[in-house]
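Counting starts at 1 for both ligands and their atoms, in listed order.
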Amino acid sequence: MKSINSVKGMHDLLPKDVIVWQYIEHIIKDTLLKYGYKEIRFPIVEKTKLFNRAIGHNSLIVNKEMYNFYDRNGCSLSLRPEGTTSCVRAIIEHGLLYNKQRLWYYGPMFRYEKPQMGRLRQFHQIGIEVFGYADTYIDIELILLISRIWKLLGLSKYLSLEINSIGCLKTRKLYYKELITFFQNNKLLKNTNNNIINNPMRLLEKYKTLSTLKKVPLITNYLDNKSYNRFLNLQKYLNNMNVSYNINPYLVRGLDYYNDTIFEWTTSNLGAQNAICGGGRYDLLVNSFNCNHSIPAIGCAIGLERLIILINKNNILLNNKFLIDVFLVNVDNKLKSLTVSLSEYLRDSIPSLKLVVDFYCNKISKYRKQAYQLKAKTLIIIGDNMLLSDQLILENLVNNKKEIIKKSNILSKLLLILFDNN
Ligand code: HAM
């Protein structure tokens with residue numbers, strides 16, 4: 001019988017991958033916590049009409065990429081293609097709108113796209129959403145927060161920040177008209193479906209290499225005073241904080257809820273799927289949920305799969321990191337119970353200790369290989385010496401020094417290696 005594999009574009013994460021994921025998750029979550037962001041969790045499934053309304057009926061995501069299905073009651077439901085919509089739904093539903101909020105969420109998102117490197121049907125995002133702050137300073141805080149994450153992950157040099165302003169709704173209506181006329185005049189508008197009419201900026205990306213596009217009207221020349229000043233301030237503050245960026249007037253986001261500031265971090269390392277994190281302001285989204293409230297908001301989401309491809313491709317991160325402190329093993333069948341009691345003694349004595357045990361294999365070289373694979377900092381071997389003279393072998397895998405020590409000295413020797421080295 002043919003074996004049944006995972007669904008196309010949806011992947012398993014094996015233990016060796018999960019180690020990298022957990023390390024990255026830890027750095028991002030820890031940074032968010034330090035900036036005062038709180039985690040929110042919401043379901044993977046929502047009513048289809050929620051996404052239709054928030055992301056836009058004519059957006060590519062709603063039109064072509066949603067996983068929609070009917071439940072047994074005939075209710076149309078969808079797997080979430082992104083988190084902003086659910087986050088807004090949740091804070092309205094639970095009356096959290098009345099205070100300012102800095103929130104984050106993490107989990108799988110689903111889009112029926114053609115799978116390729118960096119483009120999956122189930123992928124993971126860490127999303128960050130801020131509600132109640134209208135000032136440009138929050139745009140800066142968010143950009144600085146993400147930049148800090150890149151720095152902590154050692155990724156700054158692989159990523160560049162692109163910014164644009166798409167102004168307010170009124171500006172965009174006017175600009176879209178001009179853009180459509182430009183595309184028509186240049187015979188570039190083959191397809192006049194609603195997707196394009198409602199957001200002709202999407203064609204900018206498609207035709208950006210054409211020389212004709214040098215003369216294309218740019219949204220940045222259509223901004224009203226308020227949006228223009230906001231965009232100028234954003235640039236000024238970024239300059240003040242020494243954040244490098246490119247103004248990309250062709251930058252357009254795939255979701256319809258944005259206004260004014262939009263941004264993306266891209267890399268030249270990943271081919272076509274080059275956006276690692278994207279977001280922007282969405283000051284009108286809350287109001288569009290019929291809740292009689294206008295709440296300024298801004299957010300972005302990091303795509304974990306793309307981030308990890310970038311990290312692995314450049315051999316960053318885990319190369320010199322130890323994932324466990326001790327790999328404790330024995331080379332004699334008779335020593336198994338001693339291994340268990342020593343491991344528990346060490347765990348009791350050093351509560352933060354990461355210790356992995358293996359029982360009985362008579363080849364020390366095999367154990368050493370295993371210790372390197374586990375990325376252990378030390379290897380403790382309980383050998384024949386233990387029975388004869390109460391001695392253990394302690395190997396420091398940082399400097400490859402090996403010593404034979406009395407069992408009673410193991411704790412002090414181990415503490416020296418774990419906390420003095422590195
Ligand atoms: P987005 O640009 O659609 O924005 O997605 C954010 C990130 O998710 C992308 O930059 C990319 O790294 C990753 N991503 C998107 N689609 C895929 C895919 N098919 N496979 C792998 N990775 C993917 C949003 O989703 C907005 N909700 C972000 C936001 C939050 N805006 C405001 N707040």
Side-chain angles (χ1 to χ4, degrees), residues 8-11 13 24 28 32 37 40 42 46 50-51 54-56 59-62 64-67 79-91 101-131 133 138-139 142-143 145-146 149-150 155 158-162 164 166 202 205 251-267 269-286 295-311:
K8 190 173 172 188
M10 304 194 183
H11 296 307
L13 285 177
I24 289 159
I28 300 179
L32 288 165
Y37 284 76
I40 182 165
F42 32 77
E46 299 272 3
L50 181 82
F51 297 117
I55 298 175
S59 66
L60 202 66
I61 294 184
V62 164
K64 295 210 174 123
E65 297 174 356
M66 291 243 288
Y67 277 89
L79 296 183
R80 61 182 186 196
E82 57 113 36
T84 311
T85 308
S86 304
C87 189
V88 170
R89 195 240 346 110
I91 65 164
Q101 303 285 346
R102 281 183 167 86
L103 303 172
W104 67 272
Y105 49 84
Y106 176 40
M109 308 291 159
F110 303 85
R111 293 184 195 172
Y112 193 83
E113 295 192 78
K114 198 167 176 212
Q116 54 172 251
M117 184 179 71
R119 190 163 72 191
L120 297 148
R121 290 182 174 171
Q122 177 181 312
F123 59 98
H124 295 77
Q125 285 185 346
I126 291 192
I128 302 154
E129 315 289 356
V130 190
F131 298 94
Y133 296 83
I138 199 72
D139 306 16
L142 189 58
I143 289 176
L145 160 64
I146 303 291
I149 291 171
W150 302 150
L155 285 175
Y158 302 99
L159 289 164
S160 46
L161 171 63
E162 316 242 307
N164 193 13
I166 53 166
R202 295 206 182 110
E205 179 63 28
L251 180 65
V252 43
R253 307 270 305 127
L255 304 123
D256 286 353
Y257 47 62
Y258 293 108
N259 62 281
D260 290 298
T261 311
I262 56 167
F263 53 87
E264 260 177 18
W265 273 271
T266 57
T267 175
N269 267 216
L270 285 191
Q273 307 311 315
N274 64 353
I276 303 284
C277 172
R281 291 206 72 86
Y282 53 94
D283 297 318
L284 300 177
L285 184 60
V286 170
I295 302 286
I298 184 168
C300 64
I302 301 173
L304 270 289
E305 280 79 2
R306 291 187 194 172
L307 188 67
I308 281 157
I309 299 175
L310 186 64
I311 281 169

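For the atom pair CD1 (Ile276) and SG (Cys300), the distance works out to 13.0 Å, reported to the nearest 0.5 Å. With rounding to the nearest 0.5 angstrom, the CG atom of Asn269 is 5.5 Å from the CG atom of Leu310.
Figure legend: Arg121 and Tyr67 shown without cation-pi pairing, the cationic atom not lying both under 6.0 angstrom from the six-membered ring centre and within 45 degrees of its axis.
There is a side-chain donor-acceptor pair under 3.5 Å between His124 and Glu305. Side-chain contact, Gln125 with Glu82: no donor N or O sits under 3.5 Å from an acceptor N or O. Glu264 and Thr266 are not linked by any side-chain donor-acceptor pair at a separation below 3.5 angstrom, with hydrogens and angles left out of the test.
Pocket lining of ligand 1, defined as residues with a non-hydrogen atom under 4.0 Å away: Glu82, Thr84, Arg111, Glu113, Gly118, Arg119, Leu120, Phe123, Gln125, Glu129, Arg253, Leu255, Tyr257, Tyr258, Ala275, Ile276, Cys277, Gly278, Gly279, Tyr282, Gly299, Cys300, Ala301, Gly303, Arg306.
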